[in-house]
Amino acid sequence: MKADVLSARAVPLGGPRSMTVRRTLPQRARSLIGAWCFVDHYGPDDVAETGGMDVAPHPHTGLQTVSWLFTGEIEHRDSLGTHAFVRPGELNLMTGGHGISHTEVSTPHTTVLHGVQLWVALPDEHRHAARDFQHYTPPPVEVSGAEVRVFLGELAGTASPVRTFTPLLGAELVLQPHATTTLAVDTRFEHGLLVDQGRVTMAGTPLNPAELGYLAPGHDTLTLTNDTDTAARLILLGGTPFEEEIIMWWNFIGRSHEDIAQARSDWMTGTRFGEVKGYDGDPLPAPELPSVPLKPRGRVR
Ligand code: MN
């Protein structure tokens with residue numbers, strides 16, 4: 001058994017002093033890992049140089065967003081009325097469902113910003129769920145050679161209470177220098193391992209920083225090794241393969257071109273997604289739809 005290695009591409013998020021993120025999902029070779037459909041990894045960024053994060057009101061539908069930080073702080077506001085702070089080691093899971101809008105702004109005392117922004121596709125029967133926001137601070141759990149924080153699902157004998165719509169795993173792992181750890185995993189799950197810091201092997205496959213290792217379902221354990229002199233920090237994602245075809249466009253997930261066109265139109269006419277209070281600035285306009293119909297993507301392309 002070998003893991004596939006998915007490399008990141010650099011994506012500027014836009015704005016005058018734009019932050020650039022490393023995107024490993026979606027990409028040509030793979031659209032989804034479980035219901036995880038979007039993996040952006042950023043930093044450590046010196047906010048004095050990048051300007052930090054300042055994302056004006058924008059909508060989501062058909063998905064959940066997961067914000068997880070290693071360093072820094074982000075102020076979150078949404079049209080549910082949530083006003084929350086995203087801090088290192090704390091999960092913030094926002095359910096877009098039928099429609100939500102939100103803002104994300106790094107706080108003034110944040111000097112270094114470093115974290116991940118992840119999306120989860122909602123299954124068809126729940127993609128119009130009510131908007132929701134959940135916050136959870138997982139306790140660190142020690143296993144042989146590693147410290148684990150399970151923010152979604154179950155791993156290392158610990159479980160997150162956060163509700164999801166499909167079976168999912170999300171955890172931060174710190175693997176000690178010259179350590180190997182073997183974790184029991186759900187054989188039905190496929191897994192993705194994002195390397196934040198350090199160099200590790202996943203099922204014997206070497207992974208470098210910013211790479212995403214992929215392991216297909218069918219394994220009851222996952223073995224990770226750090227042969228280096230420094231600790232490695234990792235994000236482990238997993239889930240049962242998401243069998244539905246989806247269309248991802250801008251901040252929307254739908255099943256058809258018409259779904260996306262409707263969401264875009266609803267955003268531009270100020271309906272469906274609610275209003276974010278307390279943000280000083282205008283909402284983000286949606287880009288123009290492409291002139292050719294959007295096509296769905298599945299797990300096998
Ligand atoms: Mn967003």
Side-chain angles (χ1 to χ4, degrees), residues 11 13-15 18-25 36-48 50-60 63-97 100-120 131-140 147-153 160-164 168-174 194 196-197 233-237 251 273-274 276-281 283-284:
V11 179
L13 288 187
S18 168
M19 263 180 75
T20 297
V21 300
R22 297 177 290 273
R23 186 164 298 164
T24 42
L25 272 189
W36 297 102
C37 60
F38 186 88
V39 176
D40 269 2
H41 177 212
Y42 54 87
D45 286 334
D46 179 351
V47 167
T50 64
M53 187 180 284
D54 185 353
V55 189
H58 63 281
H60 289 292
L63 61 92
Q64 293 173 304
T65 62
V66 169
S67 304
W68 184 264
L69 284 179
F70 305 118
T71 315
E73 186 181 57
I74 295 169
E75 186 172 20
H76 164 101
R77 297 175 191 272
D78 65 38
S79 58
L80 191 64
T82 310
H83 180 211
F85 290 89
V86 182
R87 298 187 172 114
E90 302 181 9
L91 171 76
N92 288 277
L93 175 76
M94 184 182 78
T95 300
I100 200 167
S101 56
H102 74 140
T103 60
E104 297 155 293
V105 180
S106 46
T107 56
H109 62 262
T110 295
T111 54
V112 173
L113 204 54
H114 188 185
V116 291
Q117 168 79 232
L118 314 167
W119 292 359
V120 174
R131 58 184 73 138
D132 191 29
F133 187 86
Q134 298 177 77
H135 174 267
Y136 172 60
T137 304
E147 187 179 72
V148 181
R149 286 175 165 80
V150 182
F151 51 82
L152 287 176
S160 165
V162 175
R163 303 176 303 280
T164 62
L168 281 183
L169 171 65
E172 179 187 309
L173 283 67
V174 175
L194 177 70
D196 173 55
Q197 290 178 344
R233 185 161 55 195
L234 314 163
I235 294 288
L236 179 63
L237 305 175
N251 293 306
F273 296 97
V276 183
K277 295 204 166 62
Y279 179 85
D280 185 18
L284 287 178

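Note that the numbering runs from 1 along the sequence shown for the chain.
- In this view, His135 satisfies the ring-ring contact (aromatic ring centres under 6.0 Å, His included) rule with no residue, not counting sequence neighbours.
- When all heavy atoms of Gly89 and Pro138 are compared, the pair lying nearest together is O-CD, 3.4 Å.
- Within the 4.5 Å cutoff, side-chain heavy atoms of Val116 are placed close to those of Leu194.
- The shortest distance between side-chain heavy atoms of Ile235 and Trp68 falls below 4.5 Å.
- Donor-acceptor pairing under 3.5 Å is recorded for the side chains of Gln64 and Thr95.
- Relative ring orientation between His102 and His58 is described as tilted, the plane-to-plane angle lying within the 30° to 60° band.
- A distance of 8.0 Å separates CZ of Phe133 from CE of Met94, quoted to the nearest 0.5 Å.
- Note: Thr50 OG1 to Met19 CE = 6.0 Å, rounded to the nearest 0.5 Å.
- Nearest heavy atom pair, residue Ser101 against residue Gly274, reads OG-O, 3.3 Å.
- Listed for the Gln134 side chain is a donor-acceptor partner under 3.5 Å among the backbone atoms of Arg163.
- Looking at residues two or more places apart in sequence or on another chain, you find no side-chain hydrogen bond (donor to acceptor under 3.5 Å, both in side chains) involving Thr111.
- Residues meeting the side chain to side chain contact (heavy atoms under 4.5 Å, CB included) test with Pro57, sequence neighbours left out: Thr103, Trp267, Val276, Tyr279, Pro283.
- By the 4.5 Å heavy-atom criterion applied to side chains, Leu91 and Leu152 are counted as neighbours.
- Contact of the Leu234 side chain with the Glu172 side chain is not registered, since no non-hydrogen atoms from C-beta on lie closer than 4.5 Å.
- Annotation: side chain of Glu104 is in contact with side chain of Gln117 (closest heavy-atom distance under 4.5 Å).
- In this structure, CG on Asp54 lies 11.5 Å from CG on Leu13, to the nearest 0.5 angstrom.
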Show me, pair by pair, the donor-acceptor contacts under 3.5 angstrom made by side chains of residues 37-44, not counting sequence neighbours?
| from | atom 1 | to | atom 2 | distance (Å) |
| --- | --- | --- | --- | --- |
| Asp40 | OD1 | Arg23 | NE | 2.6 |
| Asp40 | OD2 | Arg23 | NH2 | 3.0 |
| His41 | ND1 | Arg22 | NE | 3.4 |
| His41 | ND1 | Arg22 | NH2 | 3.4 |
| His41 | NE2 | Arg22 | NH2 | 3.4 |
| His41 | NE2 | Asp196 | OD1 | 2.7 |

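- Closest approach of Val148 to Ala171, counting heavy atoms only: CG1-CB, 4.4 Å.
- Looking at Thr110, its side chain never comes within 3.5 Å of a backbone N or O of Val112 through a donor-acceptor pair.
- Atoms CG and CG, from Leu93 and Asp132 in turn, are 7.5 Å apart once rounded to the nearest 0.5 Å.
- Leu113 pairs in a side chain to side chain contact (heavy atoms under 4.5 Å, CB included) with only one of the listed residues (Val47, Thr107, Asp46), which is Val47.
- Within the 4.5 Å cutoff, the side chain of His60 has heavy atoms near those of the Thr65 side chain.
- From Ser67, atom OG reaches atom CZ of Phe151 across 10.5 Å, with rounding to the nearest 0.5 Å.
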Quiz item: Please walk me through it: do Lys277 and Arg77 pass side chain to side chain contact (heavy atoms under 4.5 Å, CB included)?
Solution: CA-CA 7 Å; Lys277 295 204 166 62; Arg77 297 175 191 272; over 6 Å; no
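- For the pair Leu169 and Trp36, the tightest heavy-atom approach, listed with the atom from each and the gap, is O-NE1, 3.2 Å.
- Annotation: ring-ring contact (aromatic ring centres under 6.0 Å, His included) contacts of Tyr136 (sequence neighbours excluded): none.
- Taking His76 as the reference, Asp78 meet the side-chain hydrogen bond (donor to acceptor under 3.5 Å, both in side chains) condition, with sequence neighbours excluded.
- Inter-residue side-chain proximity for Val55 and Leu284 is flagged as met; some heavy-atom pair is nearer than 4.5 Å.
- Taking all atoms of both residues into account, the shortest heavy-atom contact from Ser79 to Arg131 is O-NH1, 3.5 Å.
- Residues Gly72 and Pro88 share a closest heavy-atom pair of O-CD, 3.1 Å.
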